[in-house]
Amino acid sequence: MANNVEQFSSQLSAKIWGHRFKDGQRGPEYVLEFFNVIYGTKYQLNADMYFRKKSANLRKFIFEGVKEGSKRDTAKLDEESKNSLYGLYDTSGEGTERVEVIREFFRNLEVPLVDGKGKEADRSWYARTLYPLHESLLFFELRKNGESISYERNFFARGGELYYLMISYGTQKDPKLKLSIEDKLSALLTKNVSLERIVDTISNALGDEKNEKDLYPLKKFTQQKENNEYPFLPIIEHSLFDKFALELDQLLSLNIDVYEMFKLLTSLVSFQLTRYMYERSKPYEAYDTLYFFDCLDGQNSQILKHSANSFKRNELLIKDKLEEYFVDEFMNNIGTAEAVNNQLLMWKDNPNTFLELQGLSKLQSRKQPVIKSLLSCKNYQDVTTKLLKTVREVVSDQLKRQQTAIVRTLCRDGGLGNYKAGTNYRYTMTDNFIQSLVFANVKPGETMEFSGFLEAIYQEYGFVIGDIQAKQSGLYESSKLNISYYNKNVLALRSKLKKNGLLIEYSDATAMIRNPYDVVEGVVVYE
């Protein structure tokens with residue numbers, strides 16, 4: 001970007017939500033980065049550091065021919081490495097064909113990333129990822145600078161590191177839960193041993209270092225160089241983190257393959273991070289964040305509008321919180337009335353001094369409105385009214401757009417929010433989200449009455465589907481919707497649950513939610 005509003009936004013949002021979430025990071029990438037971190041700690045949730053591995057040649061092999069950066073270059077293995085690999089599989093002259101079959105297998109494991117309109121993301125080979133059928137297929141994004149390859153922080157922006165910290169903090173007081181999650185994640189990511197053997201064989205042939213390890217910090221209070229960047233959460237204790245850990249543990253208990261588990265984890269983690277964003281945006285502790293879901297998928301304009309209004313209210317929380325922190329930051333930076341009056345002449349003589357104070361020294365063309373406003377200030381009152389307003393106008397819109405884009409992406413990729421052409425964002429429920437919601441609240445092999453489920457997700461998350469919870473929350477009165485609309489919404493959810501094999505109907509009045517899966521072998525569901 002030509003200016004540093006993005007940097008200003010990142011610094012401000014870090015104080016509210018943590019350093020750092022980015023609007024370019026996608027739902028699957030949060031999970032992949034979390035997996036990378038937990039693997040890099042050797043499946044320890046209380047680690048201070050973790051290692052990363054590049055696997056650069058393996059990736060070049062898998063994605064050979066895919067573009068490299070914004071240039072026209074493409075991923076390309078050197079001939080010596082290729083011949084080494086072909087020779088490895090060459091029995092009666094079939095080395096090339098065998099290797100191509102292996103490459104095709106891996107290419108088919110690529111995690112597809114699409115935007116809200118279904119358009120596929122245009123990523124370079126070193127920013128592409130594979131389904132984590134085994135820990136050996138976990139990759140961090142790389143950056144190629146000339147012939148050297150280093151780690152990049154663009155798309156894997158630290159959201160997965162922050163999620164690791166949330167689960168780490170959520171299990172600090174519960175060693176049994178901590179061990180349960182560690183064991184389940186280790187089992188999930190190491191059980192495909194045959195895949196590991198193939199990856200190891202290819203990596204060795206291509207010259208990737210097996211023990212190539214770079215240590216990176218997770219927590220500040222470790223012995224490390226001061227210039228090391230580290231992920232940062234503004235809070236380290238919260239009941240939400242405890243709940244996240246319990247939900248994660250329960251989902252990991254399901255006896256399903258890692259491919260299906262990955263999709264469910266993407267929904268769960270995206271939803272949990274959305275809740276975290278909203279929680280940190282609440283105007284006061286007792287505030288109830290509500291989500292009204294459109295289970296009719298936009299077929300009813302009244303329900304759609306009601307859900308879009310619910311989404312808009314929650315976005316406003318985020319915008320208001322940013323506004324509050326922005327004003328606090330501005331006022332803290334300028335100091336007292338006496339300090340401002342003493343420094344105002346100096347600021348006017350050298351406006352860059354003021355811009356540096358506010359972290360806006362690189363605004364470039366957008367400096368001029370701020371400087372013009374500063375030069376017109378005569379006293380503290382002018383600085384805290386006219387100048388504050390100008391600075392807010394310069395940075396506020398983009399700052400809010402970036403933060404709301406993060407939550408919209410989480411909602412979309414998690415399956416709990418989206419939009420249709422010509423409409424605003426609203427809360428919806430995809431099949432993956434419905435499944436993750438049920439599995440996080442109903443244990444394997446157990447059942448829950450449908451009406452009890454609606455009440456449980458209202459009490460736990462603030463979800464409103466039908467008229468009972470709408471009346472409890474106050475949404476019924478404010479929406480002015482006829483009760484029949486809510487009833488249709490409830491029936492639509494029942495239909496979705498039934499389609500996913502999660503609901504048994506005994507009569508119109510009696511239906512049971514069920515978790516049809518068994519507990520994964522050798523795992524005890526945490527109590």
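Any value given below was found using the heavy atoms of this structure, including those in side chains, with hydrogens, waters and symmetry copies removed.
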Query raised in the report: Hey, are the side chains of E323 and R392 touching, using non-hydrogen atoms and a 4.5 Å cut-off?
Result: yes

Query raised in the report: Any salt bridge between R123 and E29, counting N to O under 4.0 Å?
Result: yes

Report summary line: Exactly one of F293, Y458, Y427 clears ring pair (Phe, Tyr, Trp, His ring centres under 6.0 Å) with F463, and that residue is F293

Query raised in the report: Run the salt bridge (Lys or Arg N to Asp or Glu O under 4.0 Å) check on D431 and K499 step by step: do they pass?
Result: CA-CA 9 Å; D431 290 345; K499 185 186 81 171; 3.3 Å; yes

Query - Pair Y425-R412, side-chain donor/acceptor within less than 3.5 Å - result: yes

**Report entry** Among Y50, Y216, Y230, Y30, side-chain hydrogen bond (donor to acceptor under 3.5 Å, both in side chains) partner for E161
**Finding:** Y50

Query raised in the report: Taking the inter-plane angle between the rings of F433 and F271 on a 0 to 90° scale, is it parallel (under 30°), tilted (30 to 60°) or perpendicular (over 60°)?
Result: perpendicular

Requested in this report: Determine the interplanar angle of the Y486 and F292 rings, folded into 0 to 90°, and report it as parallel if under 30°, tilted if 30 to 60°, perpendicular if over 60°.
Outcome: perpendicular

Requested in this report: Inspect the contact between K312 and E315 and indicate whether a charged nitrogen and a carboxylate oxygen are less than 4.0 angstrom apart.
Outcome: no

Report task. State, with a plain yes or no, whether a side-chain heavy atom of Y163 is found less than 4.5 Å away from one of V37. Result -> no

Requested in this report: Please work out which of the three classes, parallel, tilted or perpendicular, describes the rings of F262 and Y131, given edges at 30° and 60°.
Outcome: perpendicular

Report task. Specify whether Y517 and F439 have parallel, tilted or perpendicular ring planes, treating 30° as the upper limit for parallel and 60° as the lower limit for perpendicular. Result -> perpendicular

Query - From CG (L304) to NE2 (H306), nearest 0.5 Å - result: 11.5 Å

Query raised in the report: Can you say whether the rings of F34 and Y164 are parallel (under 30°), tilted (30 to 60°) or perpendicular (over 60°)?
Result: tilted

Query - Electrostatic pair R275-E247, nearest N-O below 4.0 angstrom - result: yes

Query raised in the report: Any side-chain heavy atom of Q25 sitting closer than 4.5 Å to one from E33?
Result: yes

Query raised in the report: Would a 4.5 Å heavy-atom cut-off, applied to side chains only, mark L454 and L493 as touching?
Result: yes

Query raised in the report: Under 4.0 Å between a Lys/Arg side-chain N and an Asp/Glu carboxylate O for E182 and K178?
Result: yes

Query raised in the report: Between the side chains of S180 and K184, does any donor sit under 3.5 Å from an acceptor?
Result: yes

Query - Point-to-point distance, once rounded to the nearest 0.5 Å, from OG of S267 to CE of M429 - result: 11.0 Å

Query - Distance, nearest 0.5 Å, that separates CG of L503 from NZ of K498 - result: 7.5 Å

**Report entry** From I303 atom CD1 to D294 atom CG, the distance as rounded to the nearest 0.5 Å
**Finding:** 6.5 Å

Query raised in the report: Side chains of F139 and L58: does their closest heavy-atom pair fall under 4.5 Å?
Result: yes

Query raised in the report: Is the closest basic N to carboxylate O distance between R107 and E104 below 4.0 Å?
Result: no

Query raised in the report: Taking 4.0 angstrom as the limit, do K496 and D297 come out as a salt bridge?
Result: yes

Report task. Indicate yes or no: does K173 engage E237 in a salt bridge with an N to O separation below 4.0 Å. Result -> yes

Requested in this report: Check the angle between the aromatic planes of F241 and F244 and answer parallel, tilted or perpendicular using the 30° and 60° thresholds.
Outcome: tilted

Query raised in the report: Would you say L113 and P28 make side-chain contact, with heavy atoms under 4.5 Å?
Result: yes

**Report entry** Pair E141 + R26, salt bridge at N-O below 4.0 Å
**Finding:** no

